[in-house]
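Naming: A, B, ... by sequence-line order, numbering from 1 per chain. Bear in mind the structure is a predicted one, so any value in this text is a computation, not a measurement.
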2 protein chains.
Amino acid sequence: MNIKDIAKLAQVGVSTVSRVLNNHPDVKESTRQKILEVIKESNYIPNNSARILKQQNTKNIGVLVKGVFNPFFSQMINVIGNIINQNGYTMILHQNDYKNDQEVETLIAFIKEKKLQGIICLGGNFADITDDCFKEINVPIVLTSVNTVSKQGKEYYSSVGIDNVKSSYDATSYLIEKGHKKIALILGEADDIGVSILRMQGYREALEKSKIRIDDELIIVGGYSSRGAYNETLELLKIRKDITAFFALSDIMAIGAAKAILDSGLKVPEDISIIGFDGMDESEYYNPSITTVKQPDKLMATMSINLLISQINERKENQHILLETNLIERDSCFNLLK
Amino acid sequence: MNIKDIAKLAQVGVSTVSRVLNNHPDVKESTRQKILEVIKESNYIPNNSARILKQQNTKNIGVLVKGVFNPFFSQMINVIGNIINQNGYTMILHQNDYKNDQEVETLIAFIKEKKLQGIICLGGNFADITDDCFKEINVPIVLTSVNTVSKQGKEYYSSVGIDNVKSSYDATSYLIEKGHKKIALILGEADDIGVSILRMQGYREALEKSKIRIDDELIIVGGYSSRGAYNETLELLKIRKDITAFFALSDIMAIGAAKAILDSGLKVPEDISIIGFDGMDESEYYNPSITTVKQPDKLMATMSINLLISQINERKENQHILLETNLIERDSCFNLLK
DNA sequence: TTGTATGCGTTATCAT
DNA sequence: ATGATAACGCATACAA
């Protein structure tokens, strides 16, 4: 069942059907009604691939999200989607498997397939951006909350994110100010891509600043899951009785670590303090509420899409924006000095 | 930059380029190399819309997920994706906005656009299935963990899910057996679509069986969020001091309720018991660990995709499978009778 | 082994 | 207001 069949059934030409499909004004009301009726009756649904293939100005904005269902991004997608709609565009959401490391290629394929007018990438590792890989793409690109290690090609895309080094420097310093010296760090991933390495750097710098020796045994990897953080924390607590604080690089891991501490017969925060990262609901509703580094997720979303739309309307120079994080003090950190 | 340009640059015909693109065997190794080189140099990426438009047998299986990032489905998608790949198919993941209630239409559009060989729907409300809406679609459809209220058209699709009524009947009975009589229920949504109504029915039946009066004031709505459940629970606890247990229809809401109880100066489970639903990690790592109704998510995923693939290979009669849930006893329920 | 030509389903241009 | 027809970018049958 295609547009030709509908045209035949309605006894009109294909272009008239197409006009109805696309809400063009110059169709007689009676023919419009008739065509709509035929469409309804035959359960006809246009083929989107053919549509996009032909269209020039799609009014589509793409959102490419890294990872299958990263809850941190879900709020941001809502914000972005609303603003896209308000501006008369349509959001096309696309997942990029976290195992797929061909970020740039996926990005370009997405733009081409959907004839996008602009794109926002949420997360992912864009370390392999080269000077010319975006040259042929002449739609604006905004990379949000991604790991951009590459120094190349910065003039071909915009970015919005946080200062990972400073954020974790601040969080670590906060613990140090409360008298903590044996501070364990829970990384997300072990390899050198991703944000963990940047945040670890902030952790290291804070310790060095206070002349605290960096103890590699205190740095564990939780795989961004509660389970991973739980297991690793449990093991670490068995061999190291001197730890007074944990800094987890995600709230999800902070929760796993908290449970491991409790299951070890210790109290949070009296025996061991915890600080998380992200500012997800889970940390707020935990018992006790977990102090965390809040990422400005909604602001990041708003700035990303506003930047993109302004770029679509008037090509200006690309911008690279770094937003402030905010340490939310709750009930999981103990002051050893009082 | 399209296939024609590549052909010109490589000084070959378009079909030879197409063959290389699709890994066809009958291309001379030297020409293949040359074409690949040209493709690499010009950063050419084929247009997927055009590809799909042309292809007949795509080997694509679609997964249509309801809601922006429902964490309950993320594990299932991994399982499904792996099995799809093992069988030589490609998974195409598509989000359906939770505000979009045109489930059937979205489903059919997705099948047509991507020329899918089969599809799994994760979640969503398919109450408006009619006898003929799937008739024209001759690819197998599996609805997994969806709300299928409609009795029509069952011969045109398969389904995999749990018995929502029985599951919540069992959970409520579990509380009753422990001596609880004033059991509050936290629904996900207030309207009559969705699973909340089925689970509420189980709750009602369990109370009726034990001759416990159903008190509508004890039934609140948490909107499937911790925050919603927290606020509603806090309010309810102010006006009702007689409640001894909460049954939340998701673990996320159970956590919010737990925090509200704690913030009201009460203890879990000594003062008030809690039971959740889903079996997510969050409930396990909460303090205290929350007793919950575990959905067999991985099994649902495995059965769904295996059923679909067997249907693709040999069209058999559609099946409707109901799996058992499992009540995981943890530390959030107190026995009043001991 | 390689090239030419046709059509997938739609939109857009140009007629009428 | 409406219809015929040429693209869109690709895969494939068929020819060579």
Going by atom types only, do B:Glu113 and A:Asn47 share a side-chain donor-acceptor pair under 3.5 Å?
no
With axes from five pairs an end, tell me the bend angle of the helix from C:dT1-D:dA16 to C:dT16-D:dA1, nearest 10°.
40°
Can you tell me if B:Asn318 and B:Gln311 form a side-chain donor-acceptor pair at under 3.5 Å?
yes
Side chains of B:Arg32 and B:Leu36, heavy atoms from C-beta outward: is any pair under 4.5 Å?
yes
Quiz question: going by heavy-atom distance under 3.5 Å, is there a donor-acceptor pair between the base of D:dA4 and the side chain of A:Ser15?
yes
Heavy-atom nearest nucleotide on DNA chain C taken for A:Ala50 and for A:Asn57; more 5' hit belongs to A:Ala50
Side-chain-base donor-acceptor pair under 3.5 Å for A:Lys28 and D:dA1
no
Are OP1 or OP2 of D:dA11 and a side-chain N or O of B:Ser18 less than 4.0 angstrom apart?
yes
Between C:dG9 and A:Lys4, counting only base atoms on the nucleotide and side-chain atoms on the residue, is there a donor-acceptor pair under 3.5 Å?
no
When rounded to whole Å, the CD to P distance for the pair A:Gln55 and C:dT11 reads 6 Å
Atom pair distance, as rounded to whole Å: NZ in B:Lys34 and C1' in C:dT1:
15 Å
Once you round it to whole Å, what is the distance between P of C:dT10 and CG of B:Leu53?
9 Å
Taking B:Ile52's backbone N and O only, do any of them form a donor-acceptor pair with B:Lys115's side chain (distance below 3.5 Å, no angle check)?
yes
What is the distance, rounded to the nearest whole Å, between atom NE2 of A:His24 and atom P of C:dT10?
15 Å
Does D:dG9 have its OP1 or OP2 closer than 4.0 Å to a side-chain nitrogen or oxygen of B:Tyr44?
no
Phosphate contact (D:dG9 OP1 or OP2) by B:Asn2 side-chain N/O below 4.0 Å
yes
Base, sugar-phosphate, or nothing for B:Asp26, non-hydrogen atoms under 4.0 angstrom?
base
Please examine the side chains of B:Ile83 and B:Thr302, heavy atoms only from C-beta on, and report whether any two atoms are closer than 4.5 Å.
yes
Side chain of A:Thr16 (C-beta onward), nearest among D:dG3, C:dG3, C:dG7:
D:dG3
Could you check how far CZ of A:Arg19 sits from P of D:dT2, rounded to whole Å?
8 Å
So what does A:Asn48 touch, heavy atoms closer than 4.0 Å: a base, only the sugar-phosphate, or nothing?
nothing
Quick one: are A:Ile129 and A:Leu143 in side-chain contact, heavy atoms under 4.5 Å?
yes
Do A:Ser304 and A:Thr144 get their side chains close enough for a donor-acceptor pair, meaning under 3.5 Å?
yes
Provide, to the nearest angstrom, the distance between the CD atom belonging to B:Gln33 and the P atom belonging to C:dT1.
15 Å
Touch class at under 4.0 angstrom, heavy-atom based, for A:Val14 against every strand present:
base
Students often get this wrong, so: under 4.0 angstrom with heavy atoms, is A:Thr31 touching a base, only sugar-phosphate, or nothing?
sugar-phosphate
In whole Å, what is the span from the CD1 atom of A:Ile3 to the P atom of D:dG3?
12 Å
Ignoring hydrogens and angles, state whether a donor on the side chain of B:Asp5 or B:Ser42 is under 3.5 Å from an acceptor on the partner side chain.
no
Starting at atom NZ of B:Lys8, determine the distance to atom P of D:dC10, rounded to an integer number of angstrom.
13 Å
